[in-house]
Structures are given as structure tokens and as C-alpha cells.
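Owing to the predicted nature of the structure, the values given are computational and were not obtained by experimental measurement.
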Amino acid sequence: MIFQRALQRELASVAGATFTVLFTIFVTWTLISILGKAAGGKVASGDVLALIGFSVLNYLPTIIILTSFIAVIATVTRSYRDSEMVVWFASGQSLMRWVPPVLVFGLPMVAIVAALSFVATPWAKMKSAEFVERFEKREDLKRVSPGQFRESPSTNRVFFVEGSTSGATVVQNVFVNSVDADGNSIVVAKEGVIEPDGKGGQYLVLKNGRRYLGKPGRADFQSMEFERYRMRVSSQAPVIGTETPADALSTPALLALPDNRYTNAELLYRVSAPISCLVLMLLAIPLGFVNPRAGSSANLILALLIFFTYSNLSKLFEASVKQGKMAFGVAWWPLHVFALVVVAGLFAWRLNVNHPWHPLALLGALKRRRLLRGGAVTQESAQ
């Protein structure tokens with residue numbers, strides 16, 4: 001019990017530090033990415049914080065899986081490096097005795113990954129898609145970033161504003177170029193404001209400007225000045241969520257849909273996350289062996305390579321299901337079963353004490369080499 005409590009405290013401590021580092025890296029990368037989109041006018045500036053939160057929820061399953069894997073392998077590696085495993089094996093304990101405390105630490109992590117994968121992540125993707133779709137379907141000057149030309153979703157109108165005030169509802173120095181059957185209509189004004197028409201539509205009200213109307217290549221352009229000019233920019237409120245992608249659907253809604261390759265691929269992704277979390281933690285126990293005289297960085301590098309290989313293979317199976325090359329019933333289990341076979345093989349290898357590459361055999365050979373080296377030095381000193 002003392003060993004289990006000490007091991008669980010160490011696992012929790014290493015997991016907390018690892019999660020903090022990984023979470024900071026992912027949040028920083030997400031912040032840079034979304035701020036770049038906001039600066040480019042692809043998302044609304046007021047939605048930046050919400051989109052960052054949704055993106056972080058999307059990455060949380062991956063962060064927790066990698067955190068649990070690194071925590072277990074770092075703890076086992078430290079025990080080998082500090083020669084605690086020598087005492088552990090010499091006292092008649094087996095490496096299998098590490099499995100129960102690791103499961104006590106890991107099963108809550110698996111449950112969190114499952115909850116995120118099946119519930120939180122689809123909700124975050126749905127809300128993120130709604131925010132982006134709402135912004136893309138807005139056909140008013142709130143979508144236009146000052147100093148940038150922006151095309152309307154209908155592709156027949158281009159907006160440009162020099163500056164904005166009052167939460168982007170009032171803009172200065174407006175340029176609007178519209179193309180229709182009558183030719184080009186160019187409107188410039190010192191000020192513009194969006195006004196609803198009470199029926200779900202919107203008008204752009206321009207003040208103190210000039211309008212030019214005509215066809216390119218002809219000299220009969222019409223010009224007029226105005227103090228107030230109304231231009232319809234939207235006939236009805238945008239409809240959000242008409243086409244929800246499979247990864248943004250809730251799990252019950254996904255299961256209720258007819259069987260097709262896209263929904264099966266998304267379901268495979270959600271099922272694989274908690275299974276891979278459990279398998280990787282079990283794999284970390286026999287994989288954590290390290291020579292006490294060598295550094296432990298090689299183990300962490302190997303852990304990262306194994307994690308990314310496992311993740312890429314999972315995505316390969318997911319892509320095969322999405323392309324219709326494999327059925328869901330065939331694709332969800334081979335990779336995880338193979339990983340479990342590897343785990344069983346590594347445990348059998350570590351438990352075979354007579355094997356020349358067993359940790360105890362390596363440590364014994366290392367001690368014998370030290371004793372022989374020390375005896376040779378003593379004989380030379382005596383001579």
C-alpha cells in the first residue's frame with residue numbers, strides 16, 4: 001500500500017507537470033492561429049476567445065493521452081535510473097505488480113478521454129462551426145476589417161472601409177462596388193451604418209457620398225451625389241447549421257444516422273481515443289527500462305515516436321473507413337489488438353529473468369564489470 005500510494009503521487013505529479021507544458025504549447029499555438037484568422041478577416045474579432053476555448057477542447061483528448069503515456073514511462077524510467085527497480089526485483093516483486101497502481105491512476109484518465117471524445121469534442125466542433133458559419137453568412141460591414149477589401153458571399157459586391165467605430169456598426173469612408181445586369185455600381189460615402197428592416201433583412205445606410213453607375217468600356221456613366229442612400233445587403237437572417245459535418249454531430253445523433261462511411265469514420269475516431277489511452281499506459285510499463293548509467297532522454301524520444309506512430313496508424317484506419325476501403329467492424333480492433341500483443345510480449349520479455357537482455361541480467365552484468373574493473377585496479381596498485 002505504501003508503494004502504491006507513493007507511485008500514484010509520483011504519477012499525478014509528473015502528469016500535472018506534463019499536462020501544464022503540453023496545454024501551454026497547444027493554447028499558444030491555437031492563439032496564434034486564431035488571431036491570424038481574425039486579422040485576416042476570416043473570423044470575427046469578438047469570437048476569438050470562444051474559438052480558442054472550442055479549439056482547446058478539441059485538442060484535450062490528445063493532450064491527456066500523451067500526458068498519461070509520458071507520466072507512466074517517466075516514472076518507470078526514474079525507478080530504473082535510481083536503482084529502485086533493483087531493490088524491487090530483488091525483494092521478489094514482479095513487474096506485473098505495477099499494473100494495478102497504474103490502472104488506478106489511468107482509468108480516470110481513460111474516462112475523461114472518453115467523455116471528451118464522445119461528448120465535449122463534438123459539441124465544441126459544432127459550436128465552432130456555428131461561429132464560423134455565422135460570420136461567413138453575414139453580408140454586412142461588420143464582416144469587413146478596416147483597410148481590407150472584402151467580397152460578399154454572393155460574390156457580386158465588394159466592400160472597403162477605412163475605419164470603424166461603435167463596435168463596427170458605424171464605418172467611415174466606405175467604398176462599395178456592385179455588379180448586376182445593368183453594369184457596375186460604385187458608391188463612395190463618408191459614413192455608413194447597418195439598419196435592420198424588421199423582417200430579418202438589413203440595409204446599409206450611406207451618408208454624404210456619391211454614386212457612379214454604368215458599364216465598363218462605355219462613356220455614359222451616370223453620377224449623382226446624395227446625403228442619404230439605402231442599400232439592401234441581406235434579405236433575411238442567415239440560417240445556421242443547415243449542413244452539420246459528421247465530426248460536429250453528437251454521438252446519439254451520429255448513431256441515429258444511416259450507416260455510411262463518413263459517420264463510421266467519425267465513430268471510429270471517437271472509439272479509438274480511450275482505447276489508445278489505456279493501451280499506451282500499459283505499454284509504458286515494460287517500455288520504461290533504462291540503463292542506470294545512461295540518460296533517460298532516449299526513452300522520452302522513443303515514447304514520442306511510438307505515440308505519433310500509433311496516432312498516425314489510427315488516422316490511416318480512419319481514412320480507410322472514410323474512403324470505403326474498410327468496414328467499421330473490421331477497422332476498429334486490429335491496431336489495438338496488435339498493440340496489446342506487443343504489450344504482452346514486452347511484459348513476457350521483462351519477466352523472463354534468465355533472458356540475457358532482461359533488466360536484472362543487464363544490471364548484474366554491469367555490477368560484475370565494475371567489480372572486475374575494481375579488482376584489476378587493486379592488483380595494479382599492489383604490484
Distance check, rounded to the nearest 0.5 Å: [X] atom [atom1] versus [Y] atom [atom2]?
{"X": "T309", "Y": "L316", "atom1": "OG1", "atom2": "CG", "answer": "12.0 Å"}
{"X": "I112", "Y": "S117", "atom1": "CD1", "atom2": "OG", "answer": "13.5 Å"}
{"X": "T67", "Y": "L22", "atom1": "OG1", "atom2": "CG", "answer": "4.5 Å"}
{"X": "K190", "Y": "N208", "atom1": "NZ", "atom2": "CG", "answer": "6.0 Å"}
{"X": "R78", "Y": "E84", "atom1": "CZ", "atom2": "CD", "answer": "4.0 Å"}
{"X": "F289", "Y": "L346", "atom1": "CZ", "atom2": "CG", "answer": "12.5 Å"}

Out of curiosity, does [Y] fall in the hydrophobic cluster containing [X] (side-chain heavy atoms, cut-off under 4.5 Å, transitive links)?
{"X": "W333", "Y": "L268", "answer": "yes"}
{"X": "V337", "Y": "L335", "answer": "yes"}
{"X": "V104", "Y": "V113", "answer": "no"}
{"X": "Y269", "Y": "I275", "answer": "no"}
{"X": "L304", "Y": "V14", "answer": "no"}

Tell me whether the count of non-hydrogen atoms from other residues, nucleotides or ligands lying under 6.0 Å of [atom1] in [X] goes above 12.
{"X": "R210", "atom1": "CZ", "result": "yes"}
{"X": "K322", "atom1": "NZ", "result": "no"}
{"X": "Y262", "atom1": "OH", "result": "no"}

Can a donor-acceptor pair be found, under 3.5 Å and without considering hydrogens, that links the side chain of [X] to the backbone of [Y]?
{"X": "S128", "Y": "L51", "value": "no"}
{"X": "S320", "Y": "M326", "value": "no"}
{"X": "S13", "Y": "R9", "value": "no"}
{"X": "S223", "Y": "Y212", "value": "no"}
{"X": "D47", "Y": "A50", "value": "no"}

Do you know which two heavy atoms are closest between [X] and [Y], and how far apart they sit?
{"X": "A248", "Y": "M126", "value": "O-CB, 3.3 Å"}
{"X": "W88", "Y": "L95", "value": "NE1-N, 4.4 Å"}
{"X": "G288", "Y": "Y80", "value": "O-CD1, 3.5 Å"}
{"X": "L116", "Y": "P122", "value": "O-CD, 3.8 Å"}
{"X": "I65", "Y": "C277", "value": "CG1-CB, 3.8 Å"}
{"X": "L213", "Y": "S185", "value": "CD1-CB, 4.0 Å"}

Do the non-hydrogen side-chain atoms of [X] and [Y] ever get within less than 4.5 Å of each other?
{"X": "T251", "Y": "V119", "value": "no"}
{"X": "L254", "Y": "R270", "value": "yes"}
{"X": "L278", "Y": "L103", "value": "yes"}
{"X": "F160", "Y": "N177", "value": "no"}
{"X": "F23", "Y": "V56", "value": "yes"}
{"X": "W332", "Y": "L267", "value": "no"}
{"X": "L282", "Y": "V99", "value": "yes"}
{"X": "F317", "Y": "H336", "value": "no"}

Go through the steps to decide whether M281 and V110 satisfy the test side chain to side chain contact (heavy atoms under 4.5 Å, CB included), and finish with yes or no.
CA-CA 10 Å; M281 281 190 292; V110 175; 3.8 Å; yes
K127 with E130: basic N within carboxylate O range, under 4.0 Å
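Salt bridge present between K127 and E130.
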Would you call the rings of [X] and [Y] parallel, tilted or perpendicular, taking 30° and 60° as the class edges?
{"X": "F26", "Y": "Y59", "result": "tilted"}
{"X": "W123", "Y": "F54", "result": "perpendicular"}
{"X": "Y229", "Y": "F226", "result": "tilted"}

Take M85 and W98 through the side chain to side chain contact (heavy atoms under 4.5 Å, CB included) test and state the conclusion after the steps.
CA-CA 11 Å; M85 295 299 289; W98 279 69; 3.4 Å; yes
Of the options Y310, F69, F307, which is the one that meets S276 in a side-chain contact (heavy atoms from CB on, under 4.5 Å)?
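Only match with S276 under side-chain contact (heavy atoms from CB on, under 4.5 Å): Y310.
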Set out, in order, the CA-CA distance, both residues' side-chain angles and the distance that settles side chain to side chain contact (heavy atoms under 4.5 Å, CB included) for I73 and L300, then state yes or no.
CA-CA 8 Å; I73 200 169; L300 294 179; 4.2 Å; yes
